[in-house]
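Residue numbering restarts at 1 for every chain, and letters A, B, ... go by the order of the sequence lines. Just so you know, these numbers use all the heavy atoms, side chains as well, and skip hydrogens, waters and symmetry mates.
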Amino acid sequence: MSIKNRFIVSLILSLPMLVEMLAKPFGFMLPGGAWTMFLLTTGVMAVSAWPFIQSAWAAFRHHHANMDTLVAIGTATAYLYSTYAMVTGKAVFFESAAFVITFILLGQYFEEKMKHSASGAVEKLIGLQAKEADVMRHGELVQIPLSDVMVGDLIRVKPGQKIAVDGTIIEGTSTIDESMVTGESLPVTKKTGDAVIGATINGTGTFMFKASKVGNDTLLAQIVDMVKKAQTSHAPIQKTVDRVADIFVPAVLIAAILTFTVWYVLLGASLVNAMLFAVSVIIIACPCALGIATPTALMVGTGRSAKMGILIKNGEVLEMANKIKTVVFDKTGTLTEGHPQVTDVVGDRATVLQLAANLEVASEHPLAAAILDAAKAENLTPTAAADFQAIQGKGVQATVDGQRAFIGNAKLLEDYHLTDQDQQRMDRLQAEAKTVVIVGRDNHVIGLIAIQDAPKPSSAEAIAALKDRGLRTVMLTGDNQRVAQAIADQVGIDAVIADVLPADKAAAVKRLQADGPVAFAGDGINDAPALTTADVGIAMGSGTDIAIESGGIVLVKNDLLDVVRALELSQKTFNRIKLNLFWAFIYNTLGIPVAAGIFAGIGLMLSPELAGLGMAFSSLSVVASSLLLNKTKLTTTPASTTRMA
Amino acid sequence: MAKLIVTLVAAAAISFIVWWFFGKHTTAAVTADMVTTDKQDVDVAVNGGYSPSTVVLKRGVPAQITFNRKDPSSCLEQVVFPDFGINEFLPKNENHAIDIDTSKSGEYDYACGMNMFHGKVIIK
């Protein structure tokens, strides 16, 4: 029988007794007196309370005790004693047993409903999945179920349709609403060559895309997996609670026996009163609020952050995020756009760019892309140079038009010289946080190219917000001190660690850990060791799979403000866990002495019915407080609210 | 006289509770049956706890734990494997199979939804 039906049965059977209790002062008595109450309560015990007794007995045989043990022993004691009292003509308290069962079932019924809404995040995410896709098969578009879509399939998406899986657009343009996955509230414009995410909604255009990830490999499937793991994980704080809960129930039973003995033997209370105190102790003490304090808050907290595109991997990360003292940022792609552009050219623009482009046309270095873009803008066509030779740590040289040409960083100046005028220009450009590339041929420097990777618009705001939270901010970069410092000044970061080789990033993070726990935010493959070394690794969006794997917190969007939001949400969730635990403990620690009658001298007492009501409230208040996490205000929430499909 | 008896009974009851709940009571670990060479299966009854509470699985062989919940308690209706991200509802009096990833050896604890009852899976 469901909890709801058990509650209804016990409510109906308890009502006559409630009426009598209220109407007694006016001289109303139930027809049949104690016998009627006996029959009604027997019904409650047999139908509504029986599962508690069954479960308590099963647990007992395993040397376990749980909340059902407390409910079963408490109500069975009241019931059995009252039956004995009725037969021998003494005062009965059947209604206590019936009311306690009714209240507890009411509490459990609400708790069940609330827990369901707390765990809804995963189901909502799964529900985002498209059901079918229009796939090109044998030259024709056919509609097939999602599970049949394979990597490499060409899929057509019409306006308003859901995108089935992850892939790359091969034809057409459109605006796409990605809010359900990334939390980004504005639609994003996508054209040929851009990546699309499964489960997002196509806006106005029609396009074809090629599936690159299907099934469990899609971003959505990975998010679902991560959220599931996070929600079932335990925060370290929970372990202490578990140890308490294990010994709690037997300890309560002992406390109840002591309560009875002290009242009856030492204080000379009547058998009925001593028993009422003991039963109240058992009923108020249920530790189930303790048991659900952490899981419900974790569930709501991680679920809410997932909706904003912030994936917190588990409870450990969440707890650690609260202890962070320093936040370290990778510069390129994290604090800055990650797409450097040519800003200045010293020397003859066309000649310098042409030579540089010839030298860099085959390179995959991000600075090379900037140079090639600039050359393209000048309508220059690069022709690849020959005989490439790397100049270790400095640049490359190659043969262009029969002459040895070179391109590289400031370290090339160990081998070549600049005119004083050029040296001044170079210093000025570097002071402006620009990376200066030296281009030359035939042993002469012919020009300088300044390239800058500008800070993201949100960087300064995010750094300021982190400072407001009392955190120290540090920039870690392979760039030189001057470039790094100029960017740092623009975004307001506290400290700069420059000239760090990719392999040394983890070591740099380790050194910072001497002053307290460190969070590291980065996105590249070379950030993976640093992400793992840091106490909290924050993998930035558009990052690589390996970065996502190494990060404790994964940001789907590439927005630095999400770092602030992630830390804030972690803190809010963890504080809520602590608050929940406090309330759960307070109910028990204050409730038990009151129920035991310690304050009876000043008239403060709990009847078993009130104890049952209190216990129901303690569970309800914990679940309700966790659900309120969904409503707490974040200082950095974007102006437009994100929405969940 | 009555008071003396009550005191004695109370003392006896407390001693019993301490011995029964806090004393050492060993439970045996059960190794999964190999249904065929490439599949292993083990049944766990859920009734006031998990019996057997410790299950041993062979590494690398796809495994299933079939839970059958007889206990009506809402405490035990969820089973949670934090390491595997599993949080499933166990229908009462029905077999409910859960696939376990046996690719990594180790000891994995699981618990009921309120984390009051504990079981363990050992993969080796």
Query raised in the report: Is the count of non-hydrogen atoms from other residues, nucleotides or ligands lying under 6.0 Å from B:N93 atom CG greater than 12?
Result: yes
Query raised in the report: For atom NZ of B:K3, is the number of surrounding heavy atoms from other residues, nucleotides or ligands below 6.0 Å larger than 12?
Result: yes
Report task. Considering only heavy atoms and a distance below 4.5 Å, find which of B:C112, B:P72, B:A13 pairs most often with chain A. Result -> B:P72
**Report entry** Distance in Å, B:W20 CH2 paired with A:L253 CG, rounded so as to fall on 0.5 Å steps
**Finding:** 14.0 Å
Query raised in the report: Angle class for the A:F60/B:F21 ring planes (parallel below 30°, perpendicular above 60°, tilted otherwise)?
Result: perpendicular
**Report entry** Side chain / backbone / both / neither for A:L266 at chain B, heavy atoms under 4.5 Å
**Finding:** neither
Query - Nearest atoms (heavy-atom pairs only) where B:T7 meets A:V265 - result: OG1-CG2, 3.6 Å
Between [X] and chain A, with a heavy-atom cut-off of 4.5 Å, which part of the residue counts as in contact: side chain, backbone, both or neither?
X	answer
B:I86	backbone
B:D71	side chain
B:F89	neither

